[in-house]
Peer 1: 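Pasting in a structure now, in structure tokens, and then I'll have a few things to ask.
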Number of protein chains: 2
Amino acid sequence: MSKADAVPFETTLFVKDHCLCLATQRAARALARRFDEALKPAGLTSGQFSLLHALNREAPPSIGAVASLLAMDRTTLTANLKPLERRGLLTTAVDPADRRGRRLSLTDAGRAALAAAMPIWRATHAEIDARLQAFDGEAMRSALGALA
Amino acid sequence: MSKADAVPFETTLFVKDHCLCLATQRAARALARRFDEALKPAGLTSGQFSLLHALNREAPPSIGAVASLLAMDRTTLTANLKPLERRGLLTTAVDPADRRGRRLSLTDAGRAALAAAMPIWRATHAEIDARLQAFDGEAMRSALGALA
DNA sequence: GCTAATTATGTTGATATCAACTTAATTCGT
DNA sequence: ACGAATTAAGTTGATATCAACATAATTAGC
């Protein structure tokens, strides 16, 4: 690697200011930390809150359907289910109509955890939403930056 | 938990459509997967690409400075450095001016990896950017959704 | 100058993330 | 009906993420 081939510092500055992947990762980390902190009294992380919500419906969804809803790798979801199942917040059951599949259901404890978390989510989300009022369209990257 | 206290399904739908944390996590996962896949020929993940860029400057930055730049927990960064240092893409050295701190520097191999990744980043990012042209202001959540 | 507060980082344990590979059940083509 | 292709999940290994706790160096107050 000769010096002439190295990425110039100006290019690095351009990536830092334009990379949507980086901006989104930064915002995702910052938001997760914030909700994780806020949701602590409810005993849930931000990801667990979203996961339990995905199960809060009449017909218990399959693993693949939930993974798709969360835009998450299927195997990641499998791993994320374990601590929640261990704590008795959800149950898994083989789908009688298709024995390859498994159906995910909230338990009463899971529904209670979700109910306890809702007021916290409302309050925290309102604060974050308020910060976004200042932004409009093209400023999406700026908005992501402001969240981080 | 009586049934009356459970979170209604309508509330779950509201959270799914309005939660900025979930939308950002979804977008972050999807974007990371996409860049991870694209950057494979360069031997880097999206996170490693951002990390190496953070080191591409004259004065080697400290761990804390880089963690802040990436909006990442300091200990996460420490862990992320290990595989890259093992591969010889960066080096760490105690700061002579403050022996508590460590300075992070790219090696020639690290600069070469970054240079190899740049054209891939440009191409991939251009594709994603094109998808955002359709969106404006309030549609930030929609835009995040479209990315996922 | 000396002690206390602060700062920069390391370590550990739990959880999250994904790719690659494997297993089992269903569906499809003939 | 039967073998092949497809689909749903599980398993494993590497990496990423963060909180809580611990250590060492610097700085601030007196």
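Letters go in sequence order (proteins before strands), and every chain restarts at 1. Only heavy atoms go into these numbers, but all of them, side chains included; no hydrogens, no water, no symmetry mates.
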Peer 1: Between C:dC18, D:dT17, C:dT17, which one does the side chain of A:Asp73 approach most closely?
Peer 2: C:dC18
Peer 1: Choosing from D:dA25, C:dA19, C:dT26, which nucleotide comes nearest the side chain of B:Arg100?
Peer 2: D:dA25
Peer 1: Which listed nucleotide (D:dA16, D:dA9, C:dA19) is nearest to the side chain of B:Pro83?
Peer 2: D:dA16
Peer 1: Calculate, to the nearest 0.5 Å, the distance between atoms OG1 and CD belonging to A:Thr107 and A:Glu85 respectively.
Peer 2: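 A:Thr107 OG1 to A:Glu85 CD: 10.0 Å, rounded to 0.5 Å.
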Peer 1: From A:Asp36 CG over to A:Arg34 CZ, what is the distance, rounded to the nearest 0.5 angstrom?
Peer 2: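 Nearest 0.5 Å value for the CG-CZ distance: 12.5 Å.
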Peer 1: When you get a sec, tell me which of C:dT26, C:dT11, D:dT12 is the closest nucleotide to the side chain of B:Lys82?
Peer 2: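 Of the options given, the side chain of B:Lys82 lies nearest C:dT11.
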Peer 1: Rounded to whole angstroms, how far apart are CG on A:Asp95 and P on C:dA24?
Peer 2: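 Checked: the CG to P distance equals 18 Å.
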Peer 1: What is the distance, to the nearest angstrom, from the CG atom on B:Leu52 to the P atom on D:dT15?
Peer 2: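 Whole-Å distance recorded here is 14 Å.
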Peer 1: Please state how far atom CG in B:Leu70 lies from atom P in D:dA16, giving the value in whole angstrom units.
Peer 2: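 Between P of D:dA16 and CG of B:Leu70: 12 Å.
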Peer 1: Base, sugar-phosphate or nothing for A:Arg86? Non-hydrogen atoms, less than 4.0 Å.
Peer 2: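 Sugar-phosphate, backbone atoms only, no base.
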Peer 1: Distance check needed: C:dT6 P versus B:Asp98 CG, whole Å only.
Peer 2: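 B:Asp98 atom CG is separated from C:dT6 atom P by 17 Å.
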Peer 1: Roughly how many Å is it from CD1 in B:Ile63 to C1' in D:dA25, rounded to a whole number?
Peer 2: 15 Å
Peer 1: Is B:Asn80 near enough to D:dT15 that one of its side-chain N or O atoms lies under 4.0 angstrom from OP1 or OP2?
Peer 2: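 No.
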Peer 1: Taking the nucleotide of DNA chain D with the closest heavy atom to each, which residue, A:Ala28 or A:Thr75, is nearer the 5' end?
Peer 2: A:Thr75
Peer 1: Could you state the CZ-P distance from A:Phe49 to C:dA16, rounded to the nearest angstrom?
Peer 2: 15 Å
Peer 1: Which is more 5' along DNA chain C, the nucleotide nearest A:Arg99 or the one nearest A:Arg74? Just name the residue.
Peer 2: A:Arg74
Peer 1: In whole Å, what is the span from the CE atom of A:Met72 to the C1' atom of C:dA16?
Peer 2: 8 Å
Peer 1: Under 4.0 Å between a side-chain N/O of B:Lys40 and OP1 or OP2 of C:dC18, yes or no?
Peer 2: no
Peer 1: Between B:Asp36 and A:Arg87, just flag the one whose closest nucleotide in DNA chain C comes earlier from the 5' side.
Peer 2: A:Arg87
Peer 1: In Å, rounded to the nearest 0.5 Å, how long is the span from OG of B:Ser68 to CZ of B:Arg74?
Peer 2: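 That separation rounds to 12.5 Å.
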Peer 1: When you check the phosphate oxygens OP1 and OP2 of C:dA16, does a side-chain N or O of A:Gln48 lie under 4.0 Å from one of them?
Peer 2: yes
Peer 1: More 5' along DNA chain D: B:Pro96 or A:Arg29, using each one's nearest nucleotide?
Peer 2: A:Arg29
Peer 1: Picking from D:dT26, D:dA16, D:dG10, which would you name as closest to the side chain of A:Arg102?
Peer 2: D:dG10
Peer 1: Quick check on side chain to side chain contact (heavy atoms under 4.5 Å, CB included): which of B:Leu52, B:Thr91, B:Thr92, B:Leu51 does B:Leu104 satisfy it with?
Peer 2: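 Exactly one candidate clears the test, B:Thr92.
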Peer 1: One thing to verify: whether B:Asp108 and B:Arg111 come together as a salt bridge, which I'm taking to mean a side-chain N less than 4.0 angstrom from a carboxylate O.
Peer 2: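 Looking at B:Asp108 together with B:Arg111, the answer is yes, because their closest N to O distance falls below 4.0 Å.
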Peer 1: Among C:dC18, C:dA16, C:dA8, find the nucleotide with the atom closest to the side chain of B:Arg33.
Peer 2: C:dC18
Peer 1: Starting at CG of B:Leu77 and ending at P of D:dA19, how long is that distance when rounded to a whole Å?
Peer 2: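 Going from B:Leu77 (CG) to D:dA19 (P), I get 15 Å.
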Peer 1: B:Phe14 vs A:Trp121 aromatic rings, parallel, tilted or perpendicular, using cut-offs 30° and 60°?
Peer 2: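 Rings of B:Phe14 and A:Trp121: perpendicular, over 60°.
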Peer 1: Where the side chain of A:Ser62 is concerned, which of C:dT7, C:dG10, D:dA9 is the nearest nucleotide?
Peer 2: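 Ranking C:dT7, C:dG10, D:dA9 by closest atom to the A:Ser62 side chain puts D:dA9 first.
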